[in-house]
Amino acid sequence: MLEKIKLRGRWKSKTFDLEIESYIQAAIVELQLAGVKEELIQEENELVLNAITCYVKAYIGTDRTDTSKYLGMFENLKMKLTFVKPKGA
């Protein structure tokens, strides 16, 4: 998942891989606590990847000018994902 999120966020360097991975894990926990199906997370559903990318973008680096924008997008996607069924369900 790390490489997919990095590609979406346009992060090429490996410098922040540990930080990005930490934010990915935090986003996954947030999704799970909201009731997003584990199968969706495991199959790396496109909306899941979008939500996680928004979460990482909200917190990565030191510039916080877009934090609320990306967290708002994450919250919106998280809410939508609670209604999505996994493939084959």
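Since we're looking at a predicted model, the values are computed, not measured.
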Would you please name every residue forming a side chain to side chain contact (heavy atoms under 4.5 Å, CB included) with [X], sequence neighbours left out?
X	answer
Lys12	none
Ser22	none
Gln32	Ile28, Val29, Glu38, Ile41
Glu75	Glu30, Lys78

If I take atom [atom1] from residue [X] and atom [atom2] from residue [Y], how far apart are they, to the nearest 0.5 angstrom?
X	Y	atom1	atom2	result
Leu2	Ile20	CG	CD1	6.0 Å
Leu71	Asn76	CG	CG	12.5 Å
Lys85	Leu40	NZ	CG	11.5 Å

Closest non-hydrogen atom pair, Cys54 against Leu77: SG-CD1, 4.3 Å
Restricting to non-hydrogen atoms, name the atom on Leu81 and the atom on Ala51 that form the minimum distance, rounded to 0.1 Å. CD1-CB, 4.1 Å
What residues form a side chain to side chain donor-acceptor pair (under 3.5 Å) with Ser68, not counting sequence neighbours? none
The side chain to side chain donor-acceptor pair (under 3.5 Å) partners of Lys6 (sequence neighbours excluded) come to Asp17
Flag side-chain contact, heavy atom, 4.5 Å: [X] against [Y]:
X	Y	answer
Tyr55	Leu31	no
Thr53	Lys57	yes
Ile5	Tyr23	no
Val48	Ile52	yes

Report yes or no: do [X] and [Y] belong to one cluster of Ile/Leu/Val/Met/Phe/Trp/Tyr joined by side chain heavy-atom distances under 4.5 Å?
X	Y	answer
Tyr70	Leu49	no
Met79	Phe74	no
Leu7	Trp11	no

Show the numbers, then the answer: is there a side-chain contact (heavy atoms from CB on, under 4.5 Å) between Ile24 and Met1? CA-CA 8 Å; Ile24 289 170; Met1 184 179 291; 3.6 Å; yes
Glu46 and Arg8 ion-paired at < 4.0 Å: yes
Whether Lys4 and Glu44 form a salt bridge (side-chain N of Lys/Arg under 4.0 Å from carboxylate O of Asp/Glu) is what I want to check. yes
Quick check against the 3.5 Å criterion: does Arg64 have a side-chain atom that pairs as donor or acceptor with the backbone of Tyr59? yes
